[in-house]
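Counting convention: from 1, in listed order, for ligands and their atoms alike. What you see is a predicted model, and the numbers here were worked out from it, not measured in a lab. These values consider heavy atoms only, across backbone and side chains, with no hydrogens, waters or symmetry-generated copies.
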Amino acid sequence: MTAWKEKRRILLGVSGGISAYKVPDFVRALRHGGNEVDCILTEAAERFVSPMVLATLSERRVWLERDFLSDDGGPQIPHIRLAERAEACGVVPCTADTLRKIAQGEAGTLLGATLLALRAPVVLFPAMNVHMWDHPATQASVTRCRELGYRVIEPEEGYLACGYEGRGRLPSKEVILEELWRALSPKCDLEGVRVLVTAGPTLEFLDPVRFLSNPSSGKMGYAMARTAWYRGAEVCLVTGPVPLDPPPGVECVRVTSALEMHDAVLRKLEWATVIVKAAAVGDYRAAQQETRKIKRESRERLCLDLEQNPDIAAAVGSRKRADQFLLGFAAETDDLIAHAQSKMRRKGLDMIVANPVSGQRNAFGAEDNSVVVIDKSGVVAEFSGNKESVADSLWDEVGKRLRGKGA
Ligand code: PMT
């Protein structure tokens with residue numbers, strides 16, 4: 001786990017909607033890494049989730065409405081103590097009534113008073129019946145909460161517990177956790193930066209059922225996208241086919257071949273401030289893609305006629321504006337630094353991340369990576385660790401250079 005996701009103090013406000021029954025699962029997941037989770041339940045929430053379950057899983061006292069302004073012998077009244085402890089807060093689920101109260105700054109409940117006293121970031125996860133969500137009164141509360149600086153995550157569409165189908169579902173656990181990590185991120189230096197990341201392999205089909213590809217899992221590229229989003233960037237991820245979920249706030253463009261990736265990147269190039277080329281792009285494709293399956297019986301030997309794919313990084317390198325920053329990756333089996341330096345020059349990159357892809361230190365598919373960072377002045381840094389912490393360190397390097405460009 002990335003170091004800053006450990007030993008944090010998170011506050012969960014739980015209001016009285018059916019999806020409150022899912023909160024114990026969120027508490028369990030958040031507890032990994034020694035994080036402390038305080039829960040405040042509204043009076044209605046107690047009907048949907050047991051305080052004892054939450055207290056057992058969090059190994060902490062659970063705060064109830066009757067504790068508001070109670071004298072439990074502590075030096076501070078509970079809402080101030082809870083507000084001061086929390087490094088981030090999620091209200092999950094956030095009912096229409098709780099949303100309205102937050103929008104109006106109501107302080108007559110333990111949760112309301114705590115939210116007013118909090119200075120940490122707060123994320124609201126509304127969940128309710130579709131018509132309640134669509135109602136102008138609810139939408140006005142959403143707008144007001146956003147004006148007040150709360151991050152409001154739209155509910156998802158799907159089947160609702162009330163029997164309706166439509167928008168109103170609480171987002172998945174993964175989305176809720178990612179949003180809370182983003183709120184807890186120690187750095188938000190990429191606010192206002194637009195990041196375009198490529199990730200994963202490309203598939204170059206020979207016939208409808210066979211393709212040429214490589215072992216890229218997409219983990220490094222997704223880690224670059226995720227950490228940029230945590231740090232406040234707007235992110236577009238152009239990804240080859242991999243079984244990973246992109247972070248929730250990231251625009252995701254799915255492609256298969258190098259040609260599709262090339263077109264997707266060039267379409268988005270104007271928009272981007274930083275372009276990260278972490279994808280392992282197939283250098284060759286079939287000169288003639290068969291429309292029918294090649295039959296084994298029909299050929300004793302099969303010779304492939306391949307033609308070169310466009311070099312996407314080089315295309316970006318030759319087109320990019322002075323205010324754009326292009327970061328490439330080099331997957332090398334030997335002469336790591338020399339080959340990476342030559343690629344950086346040839347493709348017009350501002351910086352390149354060289355990673356080994358052979359032997360014991362093989363970046364392909366692994367959870368960890370060990371990289372050497374090179375810019376025009378030579379080797380500038382080396383990082384090792386899980387791909388998310390390596391990505392975070394790479395953003396530190398990019399951030400310094402963006403500030404140098406006046407971004
Ligand atoms: O996905 P993972 O399993 O997490 O593995 C991560 C990784 C090893 C794939 C990643 O860290 C990495 O090194 N990506 C680049 C792999 C690669 O294709 O390197 P290359 O040396 O062939 O290409 C150099 C650069 O040119 C890369 O930025 C590549 O995206 C780009 N390129 C290459 C060919 C091509 N036709 N177009 C390109 O844009």
Chemist: Would the number of heavy atoms belonging to other residues, nucleotides or ligands and lying under 6.0 Å from CD of E147 be above 12?
Modeler: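 Atom CD in E147 is crowded, with more than 12 foreign heavy atoms closer than 6.0 Å.
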Chemist: So if I only count non-hydrogen atoms and take anything under 4.0 Å from ligand 1, which residues does that give, chain by chain?
Modeler: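 Within 4.0 Å of ligand 1, the protein residues are S216, S217, G218, K219, M220, K277, A278, A279, A280, V281, D283, P310, D311, I312, A313, G328, F329, A330, A331, K343, K347, N355, A363, F364, G365, K387.
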Chemist: Using a strict cut-off of less than 4.0 Å between a Lys/Arg side-chain nitrogen and an Asp/Glu carboxylate oxygen, indicate whether E36 and R60 qualify as a salt bridge.
Modeler: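 Result for this pair is yes, salt bridge flagged.
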Chemist: Do Y222 and T239 have side-chain atoms, one donor and one acceptor, less than 3.5 Å apart?
Modeler: yes
Chemist: Between D189 and W395, do the side chains contain an N or O donor and an N or O acceptor separated by less than 3.5 Å?
Modeler: no
Chemist: Can you confirm if the NZ or CZ of R61 lies within 45° of the ring axis of W63 and under 6.0 Å from the centre of its six-membered ring?
Modeler: yes
Chemist: Run the side-chain hydrogen bond (donor to acceptor under 3.5 Å, both in side chains) test on T95 and D97 for me, step by step, so that the C-alpha distance in whole Å, both residues' side-chain angles and the decisive distance to 0.1 Å come before the verdict.
Modeler: CA-CA 5 Å; T95 61; D97 187 45; 5.4 Å; no
